[in-house]
*Asks:* 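Attaching a single structure in structure tokens format; questions to follow.
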Amino acid sequence: MTPPAVTVEKNYVPEFKATKTVPISTESATAWESFKFDHIRESTVSRAMTKRYFADLDKYAESDVVIIGAGSCGLSAAYVLAKSRPDLKIAIVEAGVAPGGGAWLGGQLFSAMVMRKPAQKFLDEVGVPYEEEDTYVVVKHAALFTSTLLSKVLLFPNVKLFNATTVEDLITRVDPVSGELRVAGVVTNWTLVSMHHDDQSCMDPNTINAPVVLSTTGHDGPFGAFSVKRLVSMTAIEKLGGMRGLDMKAAEDVIVKRTREVVPGLIVGGMELSEVDGANRMGPTFGAMALSGEHAAEVVLQVFDE
Ligand code: AHZ
């Protein structure tokens, strides 16, 4: 993908002009006193939500691509994929209520997000402003990156985000010709249900079939590295290398370069990959997440271009 050329000045600050807001009141001092919303009945609200959700469940039960995890890598991949191929149905399944993974803060509890060059090209493409330094750029708040990217992804008509939904397992098939195990979709459950398997009797899951699954569930932790750990327990890969210590300089190149199909049908990107390969972590610099997402999207696209 060749992002459009955008020149962003050092210490760039978007210019805002004061404009009169308003459509609703302020014409006269009494306008708020007579304010009234249009009528609605409670059941109308219920139906407005549920009929759309169930239509989406129906539509995306057969998806072209499932992305597991809506962190910085998963969202970056979703953006590139949805923009490149409006004809593909892309389901994003995110365990948390809030999509964004670890990208709401730049690192620790600090706001600014650092990206090493050339990842600023991805920011140009998405339209996220930044301050430019020699070898890196800084977005003034990580939430600006995440919210801008998220808003673009959610506007694509071919994307559905199922948040508060956990991928509990992978659908697999043995290829009758090669005998190889293929990933062919995901098994899902509402996250609150997933959290109660230990204290409630059988609550069976739901499924999404898809020829390609992209897993970006982050490094190991309470939720992370889900798919690659499952690959080990189903003996599709022998063992995990386990994420190594922090080496900012080395780690980012490795994650971007090694983004790939790990077993047939399952592409892995972002920090989940560090668990497969025994790669270093990079700490609070996010360029590799955006570009691993872009690389992952290209690997997915090859499947559909074949
Ligand atoms: O909730 C998780 C998060 O939003 C979600 N997730 C995990 N398991 C899931 C499952 N089903 C559905 N079974 C699941 N969703 O995946 C998302 C992962 O986001 P992340 O921000 O943790 O991962 P990333 O690889 O996109 O970004 C990593 C950012 C890091 S970690 C790091 C370091 O530790 O050094 N450095 C960077 C830049």
Side-chain angles (χ1 to χ4, degrees), residues 66-79 91-108 110 113-116 119 122 136 139 142-143 145-146 149-150 153 161-170 185-195 197 205-206 208 213-231 242-256 258-259 266-277 279-297:
V66 174
I67 299 177
I68 316 175
S72 43
C73 181
L75 288 174
S76 301
Y79 175 88
I92 309 175
V93 183
E94 166 53 51
V97 171
W104 291 110
L105 289 164
Q108 198 168 314
F110 309 132
M113 175 184 264
V114 172
M115 285 206 187
R116 288 161 66 198
F122 187 79
Y136 64 95
V139 180
F145 167 77
T146 301
L149 178 58
L150 186 59
V153 166
L161 168 67
F162 294 99
N163 47 339
T165 305
T166 295
V167 170
E168 291 193 336
D169 208 343
L170 302 171
V186 296
V187 176
T188 66
N189 225 323
W190 282 314
T191 300
L192 282 174
V193 174
S194 291
M195 289 164 74
H197 285 309
N206 202 359
I208 304 178
V213 174
L214 166 59
S215 192
T216 62
T217 67
H219 60 67
D220 200 4
F223 271 130
F226 170 78
S227 302
V228 296
K229 287 193 284 191
R230 187 71 186 100
L231 289 180
M243 185 178 72
R244 305 292 160 85
L246 192 152
D247 183 342
M248 207 173 260
K249 198 155 169 257
E252 289 207 283
D253 297 353
V254 168
I255 294 294
V256 175
R258 293 197 193 161
T259 299
L266 186 82
I267 294 153
V268 179
M271 284 309 283
E272 186 166 2
L273 207 52
S274 71
E275 299 289 353
V276 185
D277 291 343
N280 295 102
R281 67 194 299 188
M282 70 287 298
T285 169
F286 283 79
M289 297 304 111
L291 298 192
S292 171
E294 186 171 337
H295 189 176

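Numbering starts at 1 and runs along the sequence shown. Just follow the structure's listing: the first ligand is 1, and inside any ligand the first atom is 1.
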*Asks:* Quick check: closest heavy atoms across Glu275 and Ala225, and the distance to 0.1 Å?
*Replies:* CG-CB, 3.8 Å
*Asks:* Report the residue from Arg258, Arg116, Arg281 that forms a salt bridge (Lys or Arg N to Asp or Glu O under 4.0 Å) with Glu252.
*Replies:* Arg116
*Asks:* Would you kindly say whether Ser292 and Thr259 are connected by a side-chain donor-acceptor distance under 3.5 Å?
*Replies:* yes
*Asks:* Taking only heavy atoms of the protein into account, state which residues are under 4.0 angstrom from an atom of ligand 1, in chain and number order.
*Replies:* Ile68, Gly69, Gly71, Ser72, Cys73, Val93, Glu94, Ala95, Gly101, Gly102, Thr165, Thr166, Val167, Thr216, Thr217, Gly218, His219, Phe223, Phe226, Gly270, Met271, Arg281, Met282, Gly283, Thr285, Phe286, Met289
*Asks:* Could you walk me through whether Val139 and Met115 pass the side-chain contact (heavy atoms from CB on, under 4.5 Å) test, one step at a time?
*Replies:* CA-CA 8 Å; Val139 180; Met115 285 206 187; 5.5 Å; no
*Asks:* Step by step, would you call Asn280 with Val254 a side-chain contact (heavy atoms from CB on, under 4.5 Å)?
*Replies:* CA-CA 8 Å; Asn280 295 102; Val254 168; over 6 Å; no
*Asks:* For a side-chain contact (heavy atoms from CB on, under 4.5 Å) check, start with the C-alpha distance between Val93 and Ile208, then their side-chain angles and the critical distance, and finish with the verdict.
*Replies:* CA-CA 10 Å; Val93 183; Ile208 304 178; 4.1 Å; yes
